[in-house]
Amino acid sequence: MLITSKLPEVGTTIFTLMSKLASDCGAINLSQGFPGFECDPALLDLVDKYMRAGFNQYAPMSGVPVLRERIAEKTKLVHGVDLDSESEVTVVSGATEALYAAVTAVVKKGDEVILFDPAYDSYAPAVELNGGTPVFVPLEMPDFSVNWERVKSAISDKTRMIMVNTPHNPSGYVWTQDDLDSLAELIQERNILVVSDEVYEHITFDGREHLSLLTHPLLRERTFVCGSFGKTFHVTGWKIGYCLAPPKLTEEFRKIHQFLTFSTATPLQYALADYLTQPSRYLTLPNFYQKKRDLFCEGLKETPFEFTPAQGSFFQMVSYGHLSQESDYELAVRLTKEIGVASIPISVFFSDKKDHKILRFCFAKNDLDLNKALEKLIDIKL
Ligand code: PMP
Ligand code: GLN
């Protein structure tokens, strides 16, 4: 049998590769982005309660009503935005599904989709599998901010969508009000929709506020906002998230969602609905992660790396081009094997795989592991 690959350039994701290498080498895994500690036992008790109470069959396609309501309440509390939980909130099996369903709902053959470069690895394949063409706009080094003149030049009559990610993976850049205003101004006279990946919405530092695209009146009418409980409640393996979008967009989104996964694990939905009744459970997250970022950055000062503390997300980038010309991929593999600390080479996030001599470390780990990793990193030879 001959199969013509639909994604000939795509292999296994770097996250899978580096996590496996870390495990094979017994290294501290600061590569793939997942918390290295357990979630709140109260959340586990709630899942247990609902599983034992018989909430084990299919949930409604769009999500259980009480969870959709709680998500709408959270959005009101955090962003001051009113959402109709019936027609504007959909529960999905992880943000990856939300991103794919949103792109599939809108993008047709021949459409262009603007992606910022570097971008999270699932965006371009989602566009391509739907017959669209990714048009990459480079982010500005060193802070990975958006150059709006470049976005303007990238827009054409074929542009159908722009995919946004704030706080940004891998750089941690957090969009400003100017960014939101600039995007709105560029698309207001055009038939362009937006997908906004906001999975790190509750992880921003130094008093910086995450500005959801929902907070902008024009963008609110055009945007699919994708969120993930995996990031917010330290349960990435549960694969549960949500998509927030105006009714017409949600209607199209659900047409795809119902044939991708149909619905999402029922006991998890009821448990999360209960868990969300205490807002402190997500409002304390910036403080929780800022301590980890600060601990990690303090230790990094003793290493040969150069870095600027991340504005948001649970990733810290470091550069080493001032000391070595070794490729970021080779260095990430070597550090895993030789000193036992795994990271992600960020060349994989760039459309042309260009090597900028930058590694990404995930600091969503317990302090003991972060300290152990830092001790090892002090001794590296570049
Ligand atoms: N978007 C970004 C920017 C991510 O970093 C991730 C994964 N960590 C996802 C989407 C996927 O989220 P989920 O695990 O909920 O599918
Ligand atoms: N989002 C995670 C990261 O950036 C990885 C998720 C995955 O492995 N697909 O590390």
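Order of listing sets the numbers, starting from 1, for every ligand and every atom in it.
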Which residue and non-hydrogen atom of the protein lie closest to [atom], and at what distance in Å?
{"atom": "atom 8 (O) of ligand 2", "value": "Gln32 NE2, 2.7 Å"}
{"atom": "atom 6 (C) of ligand 2", "value": "Tyr120 OH, 3.3 Å"}
{"atom": "atom 2 (C) of ligand 2", "value": "Gly33 N, 3.8 Å"}
{"atom": "atom 3 (C) of ligand 1", "value": "Asp197 OD2, 3.2 Å"}
{"atom": "atom 7 (C) of ligand 1", "value": "Lys231 NZ, 2.9 Å"}
{"atom": "atom 12 (O) of ligand 1", "value": "Ala95 CB, 3.5 Å"}
{"atom": "atom 14 (O) of ligand 1", "value": "Lys239 NZ, 3.1 Å"}

### Query
Is it the case that Arg293 places NZ or CZ above or below the six-membered ring of Phe314, under 6.0 angstrom from the centre and within 45 degrees of the axis?
no
### NZ/NE/NH1/NH2 to OD/OE distance under 4.0 Å, Glu298 and Lys301
yes
### Message
Do the side chains of Glu88 and Lys248 get close enough for a salt bridge, i.e. N-O under 4.0 angstrom?
### Response
no
#### Entry: Ala310 backbone acceptor or donor facing Gln316 side chain under 3.5 Å
yes
### Task
Please work out which of Tyr120, Phe34, Trp238, Phe349 has its closest non-hydrogen atom nearest to atom 4 (C) of ligand 1.
Tyr120
### Message
Under a 4.0 angstrom heavy-atom cut-off, which atoms of ligand 2 come close to Lys231?
### Response
1 (N)
#### Entry: Per-atom contacts, ligand 2 versus Phe315 - under 4.0 Å to a heavy atom
3 (C), 4 (O), 10 (O)
### Query
Would the Tyr242 and Phe229 ring centres measure less than 6.0 Å apart?
yes
Using distance alone, determine whether [X] and ligand 1 share an N or O pair under 3.5 Å.
{"X": "Glu97", "value": "no"}
{"X": "Thr236", "value": "no"}
{"X": "Thr96", "value": "yes"}

If you define the side chain from C-beta out and look only at heavy atoms, does anything of [X] sit under 4.5 Å from [Y]?
{"X": "Arg281", "Y": "Phe233", "result": "yes"}
{"X": "Asp355", "Y": "Ile346", "result": "no"}
{"X": "Gln311", "Y": "Thr204", "result": "no"}

Using 30° and 60° as the class limits, which term best fits the ring planes of [X] and [Y]: parallel, tilted or perpendicular?
{"X": "Tyr50", "Y": "Phe55", "answer": "perpendicular"}
{"X": "Phe37", "Y": "Tyr289", "answer": "tilted"}
{"X": "Tyr320", "Y": "Phe305", "answer": "perpendicular"}
{"X": "Trp148", "Y": "Trp175", "answer": "perpendicular"}
{"X": "Phe15", "Y": "Tyr120", "answer": "parallel"}

Quick check: [X] and ligand 2, any N/O pair under 3.5 Å apart?
{"X": "Ser31", "value": "no"}
{"X": "Phe349", "value": "no"}
{"X": "Arg360", "value": "yes"}

Under 4.0 Å from any heavy atom of [X], which atoms of ligand 1 are there?
{"X": "Ser228", "answer": "13 (P), 15 (O)"}
{"X": "Tyr200", "answer": "3 (C), 4 (C), 5 (O), 8 (N)"}
{"X": "Val199", "answer": "1 (N), 2 (C), 3 (C), 4 (C), 10 (C)"}
{"X": "Gly94", "answer": "15 (O), 16 (O)"}

### Task
Give the intermediate values and the outcome of salt bridge (charged side-chain N to carboxylate O under 4.0 Å, His left out) for residues Arg150 and Glu140.
CA-CA 10 Å; Arg150 285 188 147 170; Glu140 296 292 295; 3.3 Å; yes
### Message
With a heavy-atom distance limit of 4.0 Å, tell me whether Asn169 approaches ligand 2 through its side chain, its backbone, both, or neither.
### Response
side chain
### Query
Taking non-hydrogen atoms only, is Phe34 closer than 4.0 angstrom to ligand 2 via side chain, backbone, both or neither?
neither
### Message
When you measure from the heavy atoms of Phe229 to every atom of ligand 1, does any distance fall below 4.0 Å?
### Response
no
